[in-house]
Amino acid sequence: AQRVTQPEKLLSVFKGAPVELKCNYSYSGSPELFWYVQYSRQRLQLLLRHISRESIKGFTADLNKGETSFHLKKPFAQEEDSAMYYCALSDPGNQFYFGTGTSLTVIP
Amino acid sequence: NAGVMQNPRHLVRRRGQEARLRCSPMKGHSHVYWYRQLPEEGLKFMVYLQKENIIDESGMPKERFSAEFPKEGPSILRIQQVVRGDSAAYFCASSPLGGTGELFFGEGSRLTVL
């Protein structure tokens, strides 16, 4: 069963425009949710996690349990934000499930 | 701390040969995860191991694929009798004992089957 859904495979925005990468999840209970990012020629790395509630590189993500969503947002996109973004969920058994990823391109 | 190390970075095999991919987790990490990345499918979970134990292999194909994480040495993902459909990037990730909720990824091993 698909636990994490990222409906957009590709997303392009202009520099300075707001950006939102969508993520919906399916899980009963209280999962932990994450966003991971893979910049060109770099390894996949953690961007942020919902528990920490912090903003990283201007990105924020709010867990909406009613809509089972964890969308990633940034008010003003920068060229260096161009990357592959994965939403992920972990369960109490330390198992991690990733979405199919969204490739973000920020147009100068 | 060198981070998660995977080797080889690139591996070319002919159909029917065996592929062995190795993953050394970060120092102090005892959980290892293997994922396969295909262009249209994102990261697909394959197997989750702790030292000398397979915790969850629900993502592993039933045949030809196996994984281990011995007491000493790296974790190994083994693919026997490779087929063209096995061509993909294989990523390893590790997390520390008890899990902090963060996975640390290697750079991946790209397998090409001719």
Side-chain angles (χ1 to χ4, degrees), chain A residues 1-11 21-27 29-54 56 61 63 70 83-104, chain B residues 1-7 9-10 21 23-26 29-51 53-60 67 69 88-110:
Chain A
Q2 183 67 34
R3 288 184 170 80
V4 180
T5 305
Q6 293 179 250
E8 304 140 327
K9 288 189 177 178
L10 302 169
L11 183 63
L21 290 84
K22 291 184 168 48
C23 172
N24 288 90
Y25 66 91
S26 171
Y27 190 81
S30 298
E32 282 199 53
L33 285 140
F34 308 81
W35 277 97
Y36 280 78
V37 61
Q38 187 176 28
Y39 300 103
S40 179
R41 299 192 194 87
Q42 295 186 28
R43 62 184 70 195
L44 202 63
Q45 58 188 284
L46 179 69
L47 179 62
L48 55 80
R49 52 196 296 185
H50 89 271
I51 277 184
S52 60
R53 292 184 157 278
E54 52 188 351
I56 306 293
L63 178 60
F70 189 56
M84 191 75 174
Y85 291 81
Y86 289 95
C87 183
L89 173 158
S90 77
D91 66 17
N94 281 336
Q95 182 51 290
F96 284 77
Y97 303 93
F98 285 80
T100 48
T102 298
S103 177
L104 174 66
Chain B
N1 199 333
V4 178
M5 302 299 291
Q6 288 187 247
N7 67 84
R9 294 290 313 280
H10 300 275
L21 308 177
C23 169
S24 295
M26 286 181 71
H29 287 193
S30 58
H31 301 229
V32 165
Y33 303 76
W34 284 94
Y35 291 86
R36 178 163 62 177
Q37 184 182 47
L38 292 167
E40 299 298 314
E41 297 182 18
L43 282 173
K44 286 276 197 179
F45 166 74
M46 299 184 74
V47 62
Y48 165 32
L49 311 104
Q50 293 179 18
K51 285 279 187 183
N53 281 311
I54 296 175
I55 304 304
D56 182 349
E57 56 181 348
S58 58
M60 289 274 273
F69 188 18
Y90 292 83
F91 287 90
C92 170
S94 72
S95 72
L97 180 66
T100 62
E102 179 177 355
L103 293 183
F104 294 82
F105 279 84
E107 293 181 296
S109 292
R110 181 162 294 281

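Here the structure is a predicted model, which means the values were calculated and not measured. Throughout, protein chains are lettered first and strands after them, A, B, ... in sequence-line order, and every chain is numbered starting at 1.
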Where does Tyr86(A) contact chain B at under 4.5 Å (heavy atoms): side chain, backbone, both or neither? side chain

Please report the interatomic distance CZ(Phe98(A)) to OH(Tyr35(B)), rounded to the nearest 0.5 Å. 4.5 Å

Nearest 0.5 Å, please: how far is CD in Glu107(B) from CG in Leu44(A)? 12.0 Å

What is the distance from atom CE of Met84(A) to atom CD of Gln37(B), rounded to the nearest 0.5 Å? 6.5 Å

Going by heavy atoms in the side chains, are Gln95(A) and Phe45(B) under 4.5 Å from each other? yes

Where does Gln38(A) contact chain B at under 4.5 Å (heavy atoms): side chain, backbone, both or neither? side chain

Under the 3.5 angstrom rule, does the side chain of Tyr36(A) hit a backbone N or O of Leu103(B) as a donor-acceptor pair? yes

Would you say that more than 12 heavy atoms from the other residues, nucleotides or ligands in this model lie under 6.0 Å from the CZ of Arg110(B), or not? no

